[in-house]
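Here's the structure, in structure tokens; my notes come after.
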Amino acid sequence: AEVLRQIPGLGYIVELINFDKGLQAAVENDYIVPLGISDEHEGIVFTVDGMIVDEGSLVIFYTIDRSGAGSPVELADVKLFDDQGEPVQQVALACSILAENDEHKENQVHSQIHVNFNEKTVIPPAIHLKVKLRNSDRERHAEFLPELPSVWGVVLPVDKELFAGMKKVYEVNQSVVIEGQRITFEKLVIYPTRMALNVAYDPANSKKIFAFDDLTLVNEQGEAWGQI
């Protein structure tokens with residue numbers, strides 16, 4: 001983390017991942033790829049400072065600099081394409097709307113985009129990231145905020161050799177019964193960026209379980225390592 005703080009443009013990432021031990025471990029093991037690639041429209045510069053990518057997900061760290069525009073802006077839409085211009089399939093996007101203001105530059109904000117892959121995702125050698133921005137106003141709901149007309153785009157190079165063989169699979173095969181419903185935790189898949197827990201439900205259960213509201217992994221010291 002201290003090394004990351006010393007790399008120009010990347011120091012803020014330490015604060016962004018402060019509550020994610022999985023990403024902290026990825027950074028400490030030098031899985032982050034510094035990029036510093038930008039696109040500028042309407043006086044606003046969108047920069048991807050770095051990323052962490054593996055078989056499980058892609059985490060993009062970005063900066064929005066509105067020095068040439070004035071009004072605050074935020075991320076409105078994110079799309080991923082391959083080299084043929086086709087959308088990258090089998091992905092789930094999670095964008096952090098709340099951005100961290102740069103304490104040294106009042107017109108800059110930093111945040112991150114999480115892209116989760118699954119076993120059917122074909123990760124291209126280059127991912128074309130295209131984003132839309134909108135005016136930012138904390139007192140108004142996002143759907144009522146106007147989008148800016150431009151599209152900001154950058155190309156993210158993906159070197160699959162960097163994360164080859166890093167996926168680890170642990171067989172669990174343990175069951176629990178909660179309020180009469182049997183749940184079996186089959187296996188845990190660990191990537192540098194995230195974890196995936198395979199779960200099976202007993203067909204004889206009398207209720208349908210749609211999701212876990214609060215499921216957290218803890219280590220042997222009882223420290224929360226990350227949510228599933």
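Below, all heavy atoms of this structure are taken into account, side chains as well, without hydrogens, waters or symmetry copies. These numbers were taken from a predicted model, which means no experiment stands behind them.
- One hydrophobic cluster holds both I178 and F185 under the rule that ILVMFWY side chains link at heavy-atom gaps under 4.5 Å.
- Between K130 and F81 there is a side-chain heavy-atom pair separated by less than 4.5 Å.
- Note on V109: it does not cluster hydrophobically with V45, by side-chain heavy-atom contacts below 4.5 Å among ILVMFWY residues.
- Distance check, rounded to the nearest 0.5 Å: CG of L75 to CD1 of I64 gives 6.0 Å.
- Between I190 and Y170, the shortest heavy-atom distance links the atoms CD1-CE1, 3.7 Å.
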Could you check D49 against T47 for side-chain hydrogen bond (donor to acceptor under 3.5 Å, both in side chains), going step by step and ending with a plain yes or no? CA-CA 6 Å; D49 301 299; T47 301; 5.2 Å; no

Output, in order, the C-alpha distance, side-chain angles, deciding distance and verdict of side-chain hydrogen bond (donor to acceptor under 3.5 Å, both in side chains) for H128 and D82. CA-CA 6 Å; H128 296 249; D82 60 21; over 6 Å; no

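- A donor-acceptor pair shorter than 3.5 Å cannot be found between the side chains of H114 and N116.
- For V158 against P124, the heavy-atom pair with the smallest separation is CB-O, 3.6 Å.
- Across V115 and V91, no two heavy atoms sit closer than the pair CG1-CB, 3.9 Å.
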Check step by step if side-chain hydrogen bond (donor to acceptor under 3.5 Å, both in side chains) holds for S57 and T193. CA-CA 6 Å; S57 63; T193 55; 2.4 Å; yes

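- Annotation: E161, atom CD; neighbour count of heavy atoms from other residues, nucleotides and ligands within 6.0 Å does not exceed 12.
- For the atom pair OH (Y191) and NZ (K167), the distance works out to 4.5 Å, reported to the nearest 0.5 Å.
- Here the side chain of N205 pairs no donor or acceptor atom with the backbone of K207 at under 3.5 angstrom.
- If you look at Y62 and F46, their ring centroids are closer than 6.0 Å.
- With a 4.5 Å cut-off on side-chain heavy atoms, V122 and Q89 do not count as touching.
- Between F117 and I123 the shortest side-chain heavy-atom distance falls below 4.5 Å.
- Inter-residue side-chain proximity for I13 and I32 is flagged as met; some heavy-atom pair is nearer than 4.5 Å.
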Could you go through residues 145-156 and list every donor-acceptor pair under 3.5 Å that involves a side-chain atom there, pairing it with any protein atom two or more places apart or in another chain?
residue	atom	partner	partner atom	Å
S150	OG	E42	OE2	2.5
W152	NE1	I44	O	2.9

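- Q181 contributes a side-chain N or O that, together with a main-chain N or O of E179, makes up a donor-acceptor pair within less than 3.5 Å.
- The OH atom of Y31 lies 4.0 Å from the CE atom of M166; values are rounded to the nearest 0.5 Å.
- When side chains are defined from C-beta on, R134 does not count as touching V73, because their heavy atoms never get closer than 4.5 Å.
- By the rule that hydrophobic residues join a cluster once side-chain heavy atoms approach within less than 4.5 Å of another member, V172 and L217 end up as members of one cluster.
- Between the side chains of N135 and S71, not a single donor N or O lies within less than 3.5 Å of an accepting N or O.
- Using a 4.5 Å heavy-atom cutoff, the side chains of L80 and P87 are not in contact.
- Scanning all heavy atoms of the two residues, the minimum distance from E186 to A200 falls at OE2-CB, 3.3 Å.
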V199/I183 under side-chain contact (heavy atoms from CB on, under 4.5 Å): CA gap, chis, key distance, verdict: CA-CA 7 Å; V199 179; I183 303 168; 3.4 Å; yes

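- Between E40 atom CD and S67 atom OG the span is 9.5 Å, to the nearest 0.5 Å.
- Counting only heavy atoms from C-beta outward, the side chains of I52 and F61 approach each other to under 4.5 Å.
- A heavy-atom distance below 4.5 Å is found between the side chains of I127 and L58.
- Linking Ile, Leu, Val, Met, Phe, Trp and Tyr residues whenever their side-chain heavy atoms come within less than 4.5 Å places L197 and I209 in a single cluster.
- Separation of atoms CD1 (I60) and CD (Q112) is listed at 10.5 Å; rounding is to 0.5 Å.
- Considering CG of L129 and NZ of K79, their distance stands at 11.5 Å, rounded to 0.5 Å.
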